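Since we're looking at a predicted model, the values are computed, not measured.
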Amino acid sequence: MPFPARRALALAAALALSAPLAQAASPLKPCRVDGIATELQCGSLQRPLDPARPDGPKIEVNYLVVPALARNKQPDAVLLLAGGPGQSATLLASRVLPRLSRLNNRRDLVFIDQRGTGKSAPLQCPDDSKLPVTEQLDPAAQLRRIEACRADLEKLPYGDLRFFTTTIAMQDLDAVREQLGVPQWNLVGASYGTRAALEYLRLFPTKVRRTVIDGVAPPDMVLPASFSTDGQAALDRLLDAHAKTHPTLRADWQALLASLPRQVTVQQPLTGVPERFTVDRQLLLQAVRAPLYQPALAAALPAAIQAAARDGNFAGLFGLTTAFGNSPAMRLAMGMHYSVVCAEDLPRLAGATDAPGTDFRTTSAEQYAAVCKTWPRGNVDPAFYQVPPAPSPVLLFSGGADPATPPRHGERIAKALGQAQPARVQHVVVPEAGHGVMAVGCVRDLIFRFIDARDDAAALPQDAACATRIPRPVAFQPIQASPLTPPEAAK
C-alpha cells in the first residue's frame, strides 16, 4: 500500500475512534424548549453550594445553548443575564431570542439559570397569582407567605440561603464558560442582570469582549430605597405627560388618595370571582406601580385612575397590575430574590440618600426590612459596590419613564466605567421607554452592530437617534357605546 494511502487510512481510523470519545466528553445534549421550534443544546455543571467548601453540598447549574446558524461561527458567544433578581434565563429564552436573532447567525447564544432560579437549585415560593386580590397585595398576608416559604426552602438539601449572592453566582457562570470552551463572552444583561454583568466584569475582566446593560441596576443602588424615589418620579412624569388629554388627572389622583381607605368590589382578573375588600394607600400604590414598568400598560392608567376616583370603579387598576408579569417567564424565584436583596441592599438601607417619594413614602423599604429581619444573609465583599473602569466596550440603555432603573443610575455607572477611557462607554437614553428598552424599535439593531463590530474602535459610538425619537404611547380612551335608537324613532 503506498505511503499516502496508508496515512489516509490511519487518519480515518483515528478519527473514527476519537469521535465517540469527543461526543462523550461534550457537556451538551440535544433538547427542546417551549416556544422555540428548533432543537437546542442543554447542559449542566455541578458546583459547590459554598465555594469555600468544594467537598461540601453540591448544586447543579443548568444552561441552554442556541447554536449559531453559520458553520464558520465566531468564538465569542453571547450570554444573557436575566433580571429580577429571580428570573430564569432559560424560561426567558423564547422571548429574548427574536431580539438577538441576527447575533445568532454567527454566535452561540447561552442562557444560564443563575443559582436559585429555573432548574439551578431553585428557590421558588408558591404562585399566588390566583389568590384573592386582597391576599396578593396585603402586606401582612405577603409577609406570612414569605416566612412560610423561607421555612420550606431551608429544608432543601441546598437550603442554606446565604450562598445565593451575585458574586458566588458569577463564579458559577465563569465555570460554565470554561466548560463550554468559550474564550470570551459578550454579556447582555437586563434589570438585575445589569448588576450581575457589572459583577462578572469586575471579577473576570479579561473574559468579556463586549457588554450591553439595559435598565441599569448597579450594586450600590439600595433597591428598597430607590424604589420609592424612582417610582414617584415615573408616576409624576405620567401625570404630567397626560395633562393635556386628562386635565384633571392630577387632581383626580389626589382625590383618590384622599378617599382611602374604602371598600370596593372587584372581579379577580384571572378567576373572574367578585371580591370585596378594603383599598388603603399602600394597596393602591402597589396597583399603580406595576403598570408603570411598561408604557403600553401605563397608557391605560389615566382612564383607570379617573374611573376609580369618580365612579369608584377599581376594576381597571387591579386588572392592570395583574396583567403585568403574569407569564411564567416573568415570575420571580422569590427565595433567590430575597437572598440577593437581603444580603446586598438591606445592610446599606440606613445610609441610603434617596429621598422617599411623596406618595410612595417608605413602604417598600419597610416591607423589605420586615422580610430581611429573619432572612439569612450572605457575606458581601465591600469591593462588590465599586465599579472599576471598563476593560472593554460597554453600551448602556435607560428608559426615561422607567420606575425602577431610570437614567440617573445609568449616568452614574457610565461615568464610573468611562473614568479611564470615556470612548469605551456609551449611555443611550430612550426618553419615553419604560423598564428595559431592548425590544423597543431599532435597539436590537444597535446591539447587533455593537457586538458584531470587528474591533473596539468601530463598536462605539453607535448612532441611536432611531431609538431616542420614539414617542410615549397615547393615553387609552375607553370606548363609549352609543345608546341604541328605538325602532320607532328611526322611522
For the backbone of Val440 and the side chain of Arg99, can you confirm whether one donor and one acceptor N or O come within less than 3.5 Å of each other? no
Assess the residue pair Leu161 and Arg150 against the criterion (side-chain contact (heavy atoms from CB on, under 4.5 Å)); give the C-alpha distance rounded to whole Å, side-chain angles, the decisive distance to 0.1 Å, and a yes or no. CA-CA 9 Å; Leu161 304 177; Arg150 176 186 58 76; 4.1 Å; yes
Between the side chain of Lys58 and the main-chain N/O of Gly56, is any donor-acceptor distance below 3.5 Å? yes
His246 and Ala475: which non-hydrogen atoms are nearest, and at how many Å? CE1-CB, 3.6 Å
Side-chain (Thr229) to main-chain (Ala355) donor-acceptor, under 3.5 angstrom: yes
Identify, with sequence neighbours excluded, every residue that meets side chain to side chain contact (heavy atoms under 4.5 Å, CB included) alongside Ala121. Ile59, Tyr158, Phe164
Checking side-chain polar atoms at under 3.5 Å, does Thr405 have a donor or acceptor matched by the opposite partner on His435? yes
Where is the tightest heavy-atom contact between His427 and Ser398, given as atom of each residue plus distance? NE2-OG, 2.7 Å
Taking Arg289 for the side chain and Pro403 for the main chain, is one N or O donor matched with an acceptor at less than 3.5 Å? yes
Do Arg202 and Leu198 come within less than 4.5 Å of each other through their side chains, counting heavy atoms only? no
Does any non-hydrogen side-chain atom of Thr90 lie less than 4.5 Å from one of Lys119? no
Distance check, rounded to the nearest 0.5 Å: Ser94 atom OG versus Phe111 atom CZ? 9.0 Å
How long is the straight-line distance from CZ of Arg95 back to CD1 of Ile36, given to the nearest 0.5 Å? 12.5 Å
Any non-hydrogen side-chain atom of Glu275 less than 4.5 Å from a side-chain atom of Thr265? no
Under 3.5 Å side-chain donor-acceptor pair for Thr248 and Arg310: yes
Heavy-atom side-chain proximity of Leu28 to Cys42 below 4.5 angstrom: no
Any donor-acceptor N or O pair under 3.5 Å, side chains Gln282, Thr363: no
Rounded to the nearest 0.5 Å, what's the gap from OG1 on Thr194 to CZ on Phe397? Could you check? 13.0 Å
When you measure from the side chain of Ser88 to the backbone N and O of Leu91, does any donor-acceptor pair fall under 3.5 Å? yes
Quick one: does Arg145's side chain have a donor or acceptor within less than 3.5 Å of a partner on Glu135's backbone? yes
Look only at the side chain of Asp214 and the backbone of Val437, and say whether a donor-acceptor pair between them is shorter than 3.5 Å. yes
A side-chain contact here means heavy atoms from C-beta on lying under 4.5 Å apart; do Leu81 and Leu173 qualify? yes
Would you say Glu39's side chain and Pro30's backbone share a donor-acceptor pair under 3.5 angstrom? no
Looking at Asp402 and Arg237, is any side-chain nitrogen of the basic one under 4.0 Å from a carboxylate oxygen of the acidic one? no
Nearest 0.5 Å, what's the CD-CG distance between Gln286 and Asp280? 9.0 Å
Do other residues, nucleotides or ligands put more than 12 heavy atoms under 6.0 Å from the CG atom of Asp311? yes
Steps toward salt bridge (Lys or Arg N to Asp or Glu O under 4.0 Å) verdict (Glu411, Lys415): CA-CA 6 Å; Glu411 289 166 3; Lys415 184 177 180 180; over 6 Å; no
How close do Met221 and Ser226 get, heavy atom to heavy atom, and via which atoms? CE-OG, 3.4 Å
Candidates Leu187, Val394, Leu203 - the one meeting side chain to side chain contact (heavy atoms under 4.5 Å, CB included) with Val208: Leu187
Step-by-step side-chain contact (heavy atoms from CB on, under 4.5 Å) determination, Asp220 to Arg348: CA-CA 8 Å; Asp220 65 347; Arg348 298 165 60 87; 3.8 Å; yes
Do you see a donor-acceptor pair shorter than 3.5 Å between the side chains of Asp359 and Trp253? yes
Flag if over 12 foreign heavy atoms under 6.0 Å of CZ, Arg276: yes
Donor-acceptor pair between Asp113 and Tyr63 side chains, under 3.5 angstrom: no
Check each of Thr166, Thr165, Thr167 against Glu199 using the side chain to side chain donor-acceptor pair (under 3.5 Å) test, and report the only one that passes. Thr167
Arg177 to Phe204 six-membered ring, cation-pi geometry met (6.0 Å, 45°): no
Is the backbone of Ile112 close enough, under 3.5 Å, to the side chain of Asn62 for a donor and an acceptor to pair up by distance? no
Sorted by chain and residue number, the side chain to side chain contact (heavy atoms under 4.5 Å, CB included) partners of Leu317 (sequence neighbours excluded) come out as Leu256, Leu284, Val288, Leu301, Ala304, Ile305, Ala308, Phe314
Distance check, rounded to the nearest 0.5 Å: Asp172 atom CG versus Glu60 atom CD? 12.0 Å
Is any side-chain N of the basic residue among Asp354 and Arg408 closer than 4.0 Å to the acidic one's carboxylate O? yes
Can a salt bridge be assigned to the pair Glu147 and Arg144 using a cut-off of 4.0 Å between side-chain N and carboxylate O? no
Could you tell me how the ring of Tyr338 sits relative to the ring of Trp375: parallel (under 30°), tilted (30 to 60°) or perpendicular (over 60°)? tilted
For the residue pair His337 and Pro85, establish whether any side-chain heavy-atom pair is separated by less than 4.5 Å. yes
Distance from Gln232 atom CD to Leu292 atom CG, nearest 0.5 Å? 10.0 Å
Closest contact, heavy atoms only, Ala401 versus Ala234: O-CB, 3.8 Å
Ser339 side chain to Gly335 backbone, donor-acceptor under 3.5 Å: yes
Sub-4.5 Å side-chain heavy-atom contact between Arg412 and Pro218: yes
Measuring only between side-chain heavy atoms, which start at C-beta, is Ile413 closer than 4.5 Å to His409? no
Salt bridge (Lys or Arg N to Asp or Glu O under 4.0 Å) between Asp127 and Arg331, intermediate numbers included: CA-CA 9 Å; Asp127 178 20; Arg331 293 194 191 117; 3.7 Å; yes
Assess whether a salt bridge exists between Arg250 and Asp240, defined as any Lys/Arg side-chain N lying under 4.0 Å from an Asp/Glu carboxylate O. yes
Identify which one of Asn186, Leu40, Leu97, Leu80 satisfies the side chain to side chain contact (heavy atoms under 4.5 Å, CB included) criterion when paired with Leu109. Leu97
Going by distance alone, is a donor N or O of one side chain under 3.5 Å from an acceptor N or O of the other, for Ser120 and Gln114? no
Hey, is Arg195 close enough to Glu344 for a salt bridge, meaning N to O under 4.0 Å? yes
Arg115 to Phe163, cation-pi by 6.0 Å centre distance and 45° axis angle: no
